[in-house]
Amino acid sequence: MRMVDLIQKKRDGYELTTEEINYLVEGYTNGDIPDYQVSAFTMAVFFQNMTAKERADLTMAMVHSGETISLKEIEGIKVDKHSTGGVGDTTTLVLGPLVAAVGVPVAKMSGRGLGHTGGTIDKLEAVPGFHTEIENDEFIRLVNKNKLAVIGQSGNLTPADKKLYSLRDVTATVNSIPLIASSIMSKKIAAGADAIVLDVKTGSGAFMKELEKSKELAQSMVEIGNEVGRRTMAVISDMSQPLGLAIGNALEIKEAIDTLNGEGPEDLQELCMTLGSYMVYLAEKASSLEEARTLLQEAIDSGKAIETFKTFLEAQGGDASVVDRPEDLPKASFITELEAKEDGYVSEIAADAVGTAAMWLGAGRATKESVIDLAVGLVLNKKIGDQVMKGESLVTIHSNQEDIKEVREKLYDSIKLSSEKVDAPKLIYATIT
Ligand code: URA
Ligand code: CA
């Protein structure tokens with residue numbers, strides 16, 4: 001086989017065979033096929049697309065390019081949730097304990113990464129003592145015992161994807177649905193998921209800004225999952241404004257606690273119930289989505305969900321008393337308000353820009369070397385559609401520096417008011433099963 005022939009075949013719009021895709025992925029991973037040929041290939045894919053079979057083949061070739069995690073020793077169907085990323089997305093913190101409380105095993109491998117706020121592990125580290133440096137055996141034991149544990153990413157998972165993603169980043173080929181779909185799905189499958197629930201965000205703060213594209217991506221991932229024997233479902237949810245109210249690490253822990261107590265912001269609470277229902281259903285802990293939702297509501301109402309969170313925190317060294325006393329979480333020195341300059345209705349909260357403002361306060365990492373400040377961040381007091389009076393607070397700013405002029409300006413730029421009534425955006429645009 002010669003790589004040049006595969007490039008030509010794809011350039012001319014033909015379907016590659018499983019063997020050809022394996023040859024390409026293996027050769028690229030071990031260095032036999034150079035970057036320049038693979039970049040020509042990704043550009044050909046960008047213009048010529050991939051068939052459903054090619055996408056599934058590419059996904060599995062990337063899964064097999066490195067180590068895979070086996071969760072066989074964990075009883076039950078392991079369902080993983082993946083979000084394509086947004087601002088202030090607190091769902092992972094809530095969903096873990098919520099679905100674990102109804103018996104769904106959650107074996108979460110998580111990272112830190114770059115972004116507006118820290119990753120799930122950073123956020124959890126706002127709980128004093130909590131750590132994720134546990135041995136694999138201990139991880140498995142904890143999931144079997146408590147139905148929930150979180151471990152830091154380790155091992156050489158999907159090296160082909162890492163290499164390919166970096167290459168796409170500098171060859172203008174990130175934005176290709178078959179390549180994105182196989183990239184995301186390969187990581188979930190390599191991490192041991194039996195079934196997958198996807199939260200594909202849409203809107204200004206999302207990776208996919210247009211609804212049609214978001215649907216196409218979701219559809220493709222669901223197809224890949226089902227093709228390779230992992231039941232997969234997707235929800236398309238709104239990211240035209242941040243999800244929930246809190247954006248920050250300790251602030252989001254507090255928000256997750258509220259939500260597990262049934263007192264979270266409406267949009268976050270609802271999205272968690274929807275995604276959670278799919279997880280419970282796919283884990284076969286309920287025979288319908290309605291039944292799954294009822295079980296989750298019972299777990300919240302009875303206190304089982306919040307108890308599961310406490311047990312999980314304690315098992316990994318955390319001081320679970322913060323659940324009842326969130327005031328003991330890391331606190332910022334300066335708490336100030338961003339007051340509305342006029343009366344009106346909130347018509348826009350540019351999620352990206354608000355996220356950037358949170359990062360400027362120190363809530364997230366701009367580079368791998370940045371140090372996160374767990375205490376700082378933003379709490380929205382208004383969301384799109386809300387009425388606001390001049391002088392009322394739009395946002396509460398938690399900072400550890402006194403001079404936050406730039407942050408305030410950024411926030412004023414990103415929150416628009418209208419004199420006319422505005423409808424709140426839809427939260428869930430579609431579900432794909
Ligand atoms: N996220 C991923 O993991 N992969 C992509 O290709 C794009 C976004
Ligand atoms: Ca939030």
Side-chain angles (χ1 to χ4, degrees), residues 21 24-25 28-29 35 38-39 41-47 49-50 52 54-66 68-69 80-87 89 91-92 108-117 119-121 153 155-193 196-210 212-225 228 230 232 234-237 239 351-352 355 364-365 368:
I21 289 178
L24 186 162
V25 173
Y28 187 47
T29 310
D35 279 350
V38 177
S39 46
F41 175 77
T42 55
M43 192 56 84
V45 169
F46 184 90
F47 285 109
N49 213 335
M50 284 183 129
E54 285 178 311
R55 296 174 188 200
D57 284 344
L58 177 59
T59 302
M60 292 315 287
M62 294 202 290
V63 169
H64 294 127
S65 69
T68 55
I69 310 248
D80 204 354
K81 187 237 25 160
H82 178 80
S83 152
T84 59
V87 179
D89 186 357
T91 54
T92 302
K108 192 85 196 156
M109 254 190 40
S110 221
R112 295 177 189 275
L114 307 181
H116 301 121
T117 63
T120 298
I121 291 186
Q153 238 138 30
N156 182 27
L157 302 193
T158 61
D161 174 63
K162 289 195 186 86
K163 231 177 143 176
L164 202 57
Y165 199 6
S166 310
L167 184 73
R168 287 164 55 209
D169 208 19
V170 293
T171 55
T173 51
V174 167
N175 218 336
S176 154
I177 287 186
L179 298 180
I180 300 169
S182 50
S183 165
I184 292 174
M185 292 301 284
S186 70
K187 286 180 279 225
K188 291 286 123 183
I189 294 168
I196 300 157
V197 175
L198 300 160
D199 179 15
V200 178
K201 307 284 190 188
T202 194
S204 59
F207 177 66
M208 283 284 164
K209 310 218 183 288
E210 296 152 36
E212 277 318 303
K213 286 276 172 198
S214 307
K215 276 191 192 160
E216 221 183 293
L217 175 63
Q219 186 76 49
S220 178
M221 291 193 285
V222 169
E223 241 173 59
I224 291 173
V228 303
R230 266 70 169 190
T232 304
V235 170
I236 317 270
S237 73
M239 197 29 85
D352 262 358
R365 288 186 189 84
K368 271 191 228 160

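Just follow the structure's listing: the first ligand is 1, and inside any ligand the first atom is 1.
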For V174 and ligand 1, answer yes if some heavy atom of the residue is under 4.0 Å from a ligand atom, otherwise no. no
Whether T91 side chain and D89 backbone form a donor-acceptor pair below 3.5 Å: no
Give me the one residue out of T158, D161, T59 that meets side-chain hydrogen bond (donor to acceptor under 3.5 Å, both in side chains) with K187. D161
Checking side-chain hydrogen bond (donor to acceptor under 3.5 Å, both in side chains) between T92 and each of K108, K81, H82, which is the one that passes? K81
Please report which non-hydrogen protein atom sits nearest to atom 7 (C) of ligand 1, along with the residue it belongs to and the distance in Å to one decimal place. Y165 OH, 3.3 Å
Any atoms of ligand 1 less than 4.0 Å from a non-hydrogen atom of K187? List them with their elements. 2 (C), 3 (O), 4 (N)
So the atoms of ligand 1 within less than 4.0 Å of a heavy atom of F207 turn out to be 7 (C), 8 (C)
Taking it one step at a time, do S39 and T171 satisfy side-chain hydrogen bond (donor to acceptor under 3.5 Å, both in side chains)? CA-CA 7 Å; S39 46; T171 55; 5.7 Å; no
Taking atom CE of M50 and atom CD1 of I177, what is their separation to the nearest 0.5 Å? 14.0 Å
Residue and atom name of the nearest protein heavy atom (relative to atom 5 (C) of ligand 1), distance in Å to one decimal: S183 OG, 3.5 Å
